[in-house]
Amino acid sequence: MEALNQKSLERVVSQRAFLMGSSFPCQICVFGFLCGVCLTSLFLAALTSFGASSSGSISFSPFSTGISASNSSSSMVTSRDCNNLLKEGERIMYTKESAVNRGIDEKVASLYTAWSNSLSESIEKEGQSSQRIRLSKSNVPEAPHLENCKLSVEVSQRLDTRLPNSSFPPWTIWKGMLEDLPLSVTDEQLKYYRDQIISEGAYPPWITGSDVENYPLTRKVQRDLWLHQHPPNCRDPSVKFLLADWERLPGFGIGAQLAGMCGLLAIAINEKRVLVTGYYNRADHDGCKGSSRATWEKGVITGKDNYTSRDIWSGRTPRAWGNPWSIMQPTTEINGSLIVRHRKMDRRWWRAQAVRYLMRFQSEYTCNLMNIARHTAFGREAAENVLVSSSGDLIENVQENRQDIERFVWSNRKPWVPRPLLSMHVRMGDKACEMKVVGFEDYMRLAEKVRKSFPHLNSVWLSTEMQDVINRSKSYQHWKFYYTNVTRQTGNMTMATYEASLGRETSTNYPLVNFLMAAEADFFIGALGSTWCFLIDGMRNTGGKVMSGGVSLSLSCRERRENYGLTGYIG
């Protein structure tokens, strides 16, 4: 309050001085006063020079600019014109501020480079695996935006495997490495209750939030899907299978492949078969690691050829859980209105459940891709935040013994990204033959709409196949855009041709990174007429983000007719 009063007083005095200074007599007085200051300064400068020559130990400077005595002669007033005093002061302060910023920038660059080197070394050492950055130098902190991929995969495998003599994996209300917390003899009761939860079947750990924050029955459906896909004994004669390869046609993108597999999983659930996937053509590049006739004749195993395209792409949604889609919350906006109900709500609900299950855990390869993407996009910001929050130039002794809360509780934290983060997928190009595409300006108009309710939002993860969109994003100076560094289209070509030009590895890796980033972002803007956006929408609505809402710009004629039953829509 005292500071506010002081500022108010200064403001009043400044206004008074301005009004007084506008009169001619005052202007004469001010001119005389300034001339007096100039003469006094010249006199003091001459006196200082004389004193310095006689004693050699006295130095005088009328400005306190933080410059040491050895450099004081550069800031002394000698023969400078009075009109240059303010400019000189500004120049000195600007130089000082630049030096400080330059020092910070150098430290940020140094820390970023150290993290980069460590990440590269871990990849080379472990092949294509990635470990959390734990630098050997004790004065370099951990990277908050990177994940311990090796440890993450170990935990995932444990959570995806039945315990001996148990129907479930070790699913409890505890997450991360907290399961490894050593319990003493006096903690037997706690251990008993934890084992009881496991034996009775807790909910899967890959679901964030409750059913209120997800599509209805998400946690129960994910648990039931896991039990269906993991029979206790695969050699049991009563267990039947559906063996299916992923789509191989060149015109099928990752989104279409995932949508097709969602349909096959629905068939497997309806026929009480275990879906077993075969060859995945997008994993046949160098960067990725990758029975008998009687069983087919008896129907123990069926394949994709046993079903029509209609069965796969628009078949019956499993009714094992009733019709939970009938109570789905209207949280998606199209053309300014929330979509309360449409014809294919069951398909939207099921595809969300299916893609969430299929993508429930990241492989070590995928985790490594995400580490590289986050480091490239957010690494420098992470370094700046770490340095600002530290007390020294670099954190000393950061590799000292970690406390239990760091080892067990905080091990479950997600890698750092700038938040709030809005993900935007701008689909153009050959998509115009399927739906009405809109310009980048329309996407940004919706982004501004989101920011009206969340004014601290200024970060956008931008995914698009068009270079023109990337170029236009640079004109929005009040937004910070992040995107993968990949060659994009500069003309009209089909998506199949574009992906072929990138090569199988690149055309698979960067969409996968964009997909997972969009699923984790706080907000999303896309076009539900795109299968890719449709699946992102499903991942978000089964990932604890149903109440974050989604904003769609347009639908295809087919989606409008078949999926939503909308008429008269203008994108």
Side-chain angles (χ1 to χ4, degrees), residues 206-209 213-215 218 252-263 282 328-329 331-334 339 344-345 347-360 362 366 369-370 373 377 414 417 419-429 431 434-435 437-438 443 446-447 450 459-466 469 481-484 495 507-556 559 563-564 571:
W206 58 84
I207 299 301
T208 301
E213 300 165 295
N214 295 281
Y215 275 166
T218 290
F252 280 77
I254 299 179
Q257 289 178 307
L258 284 172
M261 199 55 69
C262 291
R282 289 184 174 271
M328 281 168 48
Q329 302 175 77
T331 59
T332 300
E333 177 186 295
I334 302 178
I339 302 302
K344 296 298 181 180
M345 291 180 69
R347 181 181 300 174
R348 188 180 182 192
W349 177 88
W350 167 248
R351 281 191 178 177
Q353 301 295 338
V355 73
R356 168 57 62 180
Y357 178 77
L358 294 172
M359 304 282 291
R360 63 191 182 279
Q362 292 183 19
T366 303
L369 289 179
M370 297 302 295
K414 293 183 178 180
V417 298
R419 293 194 184 277
L421 180 66
L422 182 148
S423 176
M424 181 184 295
H425 180 65
V426 182
R427 181 72 167 94
M428 302 178 77
K431 200 64 178 178
E434 299 180 20
M435 71 179 194
V437 296
V438 296
Y443 285 84
L446 292 181
V450 176
S459 299
V460 177
W461 181 270
L462 179 61
S463 63
T464 181
E465 77 278 13
M466 305 303 296
V469 172
F481 291 90
Y482 307 90
Y483 41 82
T484 53
M495 182 58 69
S507 65
T508 299
N509 289 349
Y510 93 86
L512 186 59
V513 167
N514 288 328
F515 185 82
L516 295 175
M517 280 290 191
E520 291 296 327
D522 299 284
F523 306 99
F524 176 67
I525 295 176
L528 287 180
S530 164
T531 302
W532 193 244
C533 291
F534 196 85
L535 295 175
I536 290 174
D537 178 73
M539 281 287 284
R540 293 176 57 79
N541 290 328
T542 54
K545 298 186 180 298
V546 72
M547 294 308 297
S548 296
V551 185
S552 178
L553 286 97
S554 61
L555 291 171
S556 66
E559 291 285 350
N563 284 6
Y564 291 89

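All residue numbers refer to positions in the sequence shown, counting from 1.
With T464 contributing its side chain and V426 its backbone, the two residues share a donor-acceptor pair below 3.5 Å. Judged by distance alone, the side chain of N541 and the main-chain N or O of N214 form no donor-acceptor pair under 3.5 Å. At least one donor-acceptor pair closer than 3.5 Å links the side chain of R540 to the backbone N or O of A518.
Closest approach of I525 and A447 over heavy atoms only: CD1-N, 3.6 Å. Between P511 and I254, the closest heavy-atom pair is CB-CD1, 4.0 Å. Scanning both residues, R282 and G253, for their nearest heavy atoms gives NH2-CA, 3.6 Å. Between Y482 and S459 the shortest heavy-atom distance is CE1-CB, 3.8 Å.
For W461 and N514, the side-chain atoms include at least one donor-acceptor pair closer than 3.5 Å.
Between K414 and T208 the shortest side-chain heavy-atom distance falls below 4.5 Å.
A side-chain contact (heavy atoms from CB on, under 4.5 Å) with M359 is found for one member of L535, L512, T366 and no other, namely L512. The one candidate from R356, Q353, R348 that meets the side-chain hydrogen bond (donor to acceptor under 3.5 Å, both in side chains) condition with Y215 is R348.
For the atom pair CE of M424 and CZ of F523, the computed distance is 12.5 Å after rounding to the nearest 0.5 Å. Atoms OG1 and CG, from T508 and L369 in turn, are 10.0 Å apart once rounded to the nearest 0.5 Å. In this structure, L516 CG and M370 CE are separated by 5.0 Å, a value rounded to the nearest 0.5 Å. K545 NZ to D522 CG: the interatomic distance, rounded to the nearest 0.5 Å, is 5.5 Å. Separation of atoms CD1 (I536) and OG1 (T531) is listed at 11.0 Å; rounding is to 0.5 Å. Between the CZ atom of R419 and the CD atom of E520 there is a distance of 6.5 Å, given to the nearest 0.5 Å.
Under the 30°/60° scheme for interplanar angles, the aromatic rings of W206 and Y357 are found to stand perpendicular.
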Evaluate side chain to side chain contact (heavy atoms under 4.5 Å, CB included) for C533 paired with F524, printing each intermediate quantity in order. CA-CA 9 Å; C533 291; F524 176 67; 4.0 Å; yes
